[in-house]
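As the structure is a computational prediction, the values presented were derived from the model and not from experiment.
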Amino acid sequence: MNNTQNIRNPKFWVPSLYLAQGLPYFAVAIVASQMLKSMGVPNDELSHWTALIGIAWALKPFWSPFLELAPSKKLVVTFFQVLGGLCLGGVALALQAPFWFAATMAMLTLVAISSATHDIACDGLYITSLDEKGQAQYAGWTGTFFNAAKFFTSGALLLLAGHFEKTLGVVPAWTICFCILGAMMIALGLYNGWALPLAKNEVSEDTNAAAIARTLWEVILEFFKKPGIWVSIVFIILFRAGEAQVQLIGPLFLREARHLGGLGLSTAEVGAVYGTVGTVAFLVGSIAGGYFTSWLSLKRAILWLILAVNLPNVAFYLLSTFQPTELSIVGVALSVEMFGYGFGFVGLILYMMQVVAPGKYQTAHYAFATGFMQLGSVLFKLFSGDIQIALGYQHFFIWVMLSAIPVAILSQIIPMTARPQAEEEPAPQAVRAG
């Protein structure tokens with residue numbers, strides 16, 4: 001671990017580091033789908049493309065070791081922050097093209113690849129620049145500022161987009177929003193060029209692409225040699241079966257016209273409920289879920305955590321049944337759903353940390369587990385639009401709740417305790433939703 005005495009106070013760089021991690025992620029995960037909905041893209045086509053773009057975060061463990069070839073983690077972080085900002089600005093330019101859809105998808109794909117690569121160096125810089133005490137002290141900061149990006153993108157930015165949609169039109173509105181995102185990322189990259197610790201990569205005669213490829217292959221082999229790993233992979237993927245679908249289709253349902261089964265909310269109204277009470281409820285739920293699991297243990301808490309993620313989705317079913325017009329009622333319903341999501345998602349994070357990751361390559365194996373977590377999200381988002389169109393919104397939300405049954409059953413028949421640990425790397429400190 002590097003000596004923290006020669007490092008600028010983490011208060012100056014942890015917030016900007018993790019805000020920059022969150023902005024491009026939520027730009028792809030939240031803002032893009034709302035933009036495409038405003039542009040009139042059907043739910044099935046929208047879900048296909050936004051899900052496929054998310055594969056970048058699932059595959060990032062395969063190129064993560066090669067970033068060690070860079071002189072420092074700071075160089076990688078700042079480079080991809082600026083590049084990510086340029087790509088977000090490229091989305092704004094793509095919207096002006098006659099072939100805007102293809103151009104926009106291409107630029108969003110570049111944003112995703114840049115963001116996924118940035119994530120690797122970002123977490124690595126945090127872990128190597130702080131000792132264990134520092135990691136623990138600022139762990140809460142990482143989650144707070146990552147989710148601050150969610151608060152901004154799903155709240156303030158959607159409110160702004162809704163205002164400009166009414167005053168300037170749809171295309172100018174989203175052009176402005178992506179220009180803002182791009183400018184923020186570039187500004188953060190320039191600021192972090194001053195604020196971040198260097199976090200030099202250790203260079204030796206074995207630091208070359210061939211040696212790294214051999215180590216990566218060993219890491220992969222060791223991962224798949226773990227006892228019960230295939231069952232663990234199935235569990236990780238199924239955990240997000242319902243949640244991934246509702247996280248994509250839920251906001252689209254809020255925007256859908258009332259005669260088509262939706263609530264007919266404007267972009268600004270969606271931003272008001274999701275970016276304010278929804279985000280706060282998620283953060284409170286995440287904290288409460290952590291304390292709950294610590295008190296009860298993962299083995300005894302896991303079923304309750306799975307139910308917490310999925311049962312509150314009844315709120316969407318009730319909204320689709322009664323179609324209330326009062327925004328306050330919608331806000332209360334979404335707060336319940338987001339609290340449950342935050343509360344229960346802790347179970348998946350802890351399962352990956354405590355059951356899957358332990359061993360010789362703990363940090364790398366945790367990264368592979370999160371890759372499968374993201375893959376699960378991609379798979380279920382990919383066809384969520386097709387399922388919604390086939391079933392309608394009301395029956396779709398019933399399907400979402402039924403999707404939790406397989407993982408709930410599996411949680412009661414597979415081990416939920418930590419395996420014996422060999423010599424390990426430091427465990428990841430920050431807990432965030434992906």
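- For the 3.5 Å distance criterion, the side chains of Asn43 and Tyr393 qualify, holding a donor opposite an acceptor.
- Checked against the 6.0 Å centroid threshold, Trp304 and Phe343 do not count as a close aromatic pair.
- At least one side-chain heavy atom of Tyr274 sits under 4.5 Å from a side-chain heavy atom of Met338.
- Listed here is the closest heavy atom pair of Gly189 and Val82: CA-CG2, 4.1 Å.
- Of the residues listed (Asp123, Thr142, Thr144, Asn147), the one engaging Tyr18 in a side chain to side chain donor-acceptor pair (under 3.5 Å) is Asp123, and it is the only one.
- Here Ile233 contributes atom CD1 and Lys226 contributes atom NZ; the two are 11.0 Å apart, rounded to the nearest 0.5 Å.
- Taking every heavy atom of both residues into account, Ala92 and Cys179 meet most closely at CB-SG, 3.6 Å.
- Atom CG in Leu319 sits 11.0 Å away from atom CG in Asn313 (nearest 0.5 Å).
- When side chains are defined from C-beta on, Lys73 counts as touching Thr128, because their heavy atoms get closer than 4.5 Å.
- A donor-acceptor contact closer than 3.5 angstrom links the side chains of His118 and Gln81.
- Donor-acceptor pairing under 3.5 Å is recorded for the side chains of Gln245 and Trp399.
- For Glu269 and Arg255, the salt-bridge test fails: no basic side-chain N is under 4.0 Å from an acidic carboxylate O.
- Closest non-hydrogen pair, Pro24 versus Met185, comes out as CD-SD, 3.7 Å.
- Taking 4.5 Å as the limit, some side-chain heavy atom of Trp57 sits within range of a side-chain heavy atom of Val28.
- Aromatic ring centres of Phe368 and Phe62: separated by under 6.0 Å.
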Between Phe235 and Val355, does the side-chain contact (heavy atoms from CB on, under 4.5 Å) criterion hold? Intermediate values first, please.
CA-CA 12 Å; Phe235 178 80; Val355 181; over 6 Å; no
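- The number of heavy-atom neighbours closer than 6.0 Å to OH of Tyr291, taken from other residues, nucleotides and ligands shown, is 12 or below.
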Can you list the steps and then say if Phe239 with Ile306 is a side-chain contact (heavy atoms from CB on, under 4.5 Å)?
CA-CA 7 Å; Phe239 195 100; Ile306 291 171; 3.6 Å; yes
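- Interatomic distance, OG1 of Thr117 versus CG of Leu67, reported as 6.5 Å (0.5 Å rounding).
- Ser115 places no side-chain N or O within donor-acceptor distance of the main-chain N or O of Ala112, the cut-off being under 3.5 Å.
- Side chains of Leu110 and Ser114 form no contact here, defined as non-hydrogen atoms less than 4.5 Å apart.
- Taking the centre of each ring, Phe26 and Phe146 come in below the 6.0 Å mark.
- In this structure, Leu298 CG and Leu348 CG are separated by 10.0 Å, a value rounded to the nearest 0.5 Å.
- Here the closest non-hydrogen pair linking Ser33 and Leu248 is CB-CD1, 4.1 Å.
- Atom-to-atom distance recorded for Lys74:NZ and Ser129:OG is 10.0 Å, nearest 0.5 angstrom.
- If you take CZ on Arg300 and CH2 on Trp295, they are separated by 7.5 Å, rounding to the nearest 0.5 Å.
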Could you walk me through whether Val31 and Phe178 satisfy the side-chain contact (heavy atoms from CB on, under 4.5 Å) test, starting with their C-alpha distance in whole Å, then the side-chain angles of each, then the deciding distance to 0.1 Å, before giving a yes or no?
CA-CA 9 Å; Val31 179; Phe178 274 94; 3.9 Å; yes
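- Residues Asn192 and Ser16 bring a donor and an acceptor atom of their side chains to less than 3.5 Å of each other.
- Judged by distance alone, with hydrogens and angles left aside, the side-chain atoms of Ser294 form no donor-acceptor pair with the main-chain N or O of Gly290 at under 3.5 Å.
- Side-chain contact of Ser411 with Tyr351: a donor-acceptor pair under 3.5 Å is absent, judged by distance alone.
- In this structure, Phe253 and Phe316 have perpendicular ring planes: the angle between them is above 60°, well past the 30° mark.
- No side-chain heavy atom of Val111 sits under 4.5 Å from any side-chain heavy atom of Ile53.
- Aromatic rings of Tyr317 and Phe397 (six-membered ring for Trp) have centroids beyond the 6.0 Å cut-off, not under it.
- For the pair Lys150 and Phe282, the minimum side-chain heavy-atom distance is below 4.5 Å.
- For Leu181 against Ala27, the heavy-atom pair with the smallest separation is CD1-CB, 3.9 Å.
- The shortest side-chain heavy-atom distance between Tyr126 and Cys122 does not fall under the 4.5 Å cut-off.
- Gln247 and Glu337 share a side-chain donor-acceptor pair at under 3.5 Å.
- The closest donor-acceptor contact from the side chain of Arg258 to the backbone of Gln323 lies under 3.5 Å.
- When all heavy atoms of Pro406 and Leu238 are compared, the closest pair comes out as CB-CD1, 4.2 Å.
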Determine, step by step, whether Leu36 and Trp174 satisfy the side-chain contact (heavy atoms from CB on, under 4.5 Å) criterion, reporting the C-alpha distance in whole Å, the side-chain angles of both residues, the deciding distance to 0.1 Å, and the verdict.
CA-CA 10 Å; Leu36 295 173; Trp174 291 103; over 6 Å; no
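- A side chain to side chain contact (heavy atoms under 4.5 Å, CB included) with Leu254 is found for exactly one of Val270, Ile249, Thr267, namely Val270.
- Using bins of under 30°, 30° to 60° and over 60° for the plane-to-plane angle, the ring pair Phe383/His48 lands in the perpendicular bin.
- Looking at Ser47 and Leu382, their side chains never come closer than 4.5 Å, going by heavy atoms from C-beta outward.
- With no hydrogens or angles considered, no side-chain donor-acceptor pair links Asn310 and Tyr341 at under 3.5 Å.
- Side-chain atoms of Ser38 come within 3.5 Å of backbone atoms of Gln34 as a donor-acceptor pair (strictly under, hydrogens ignored).
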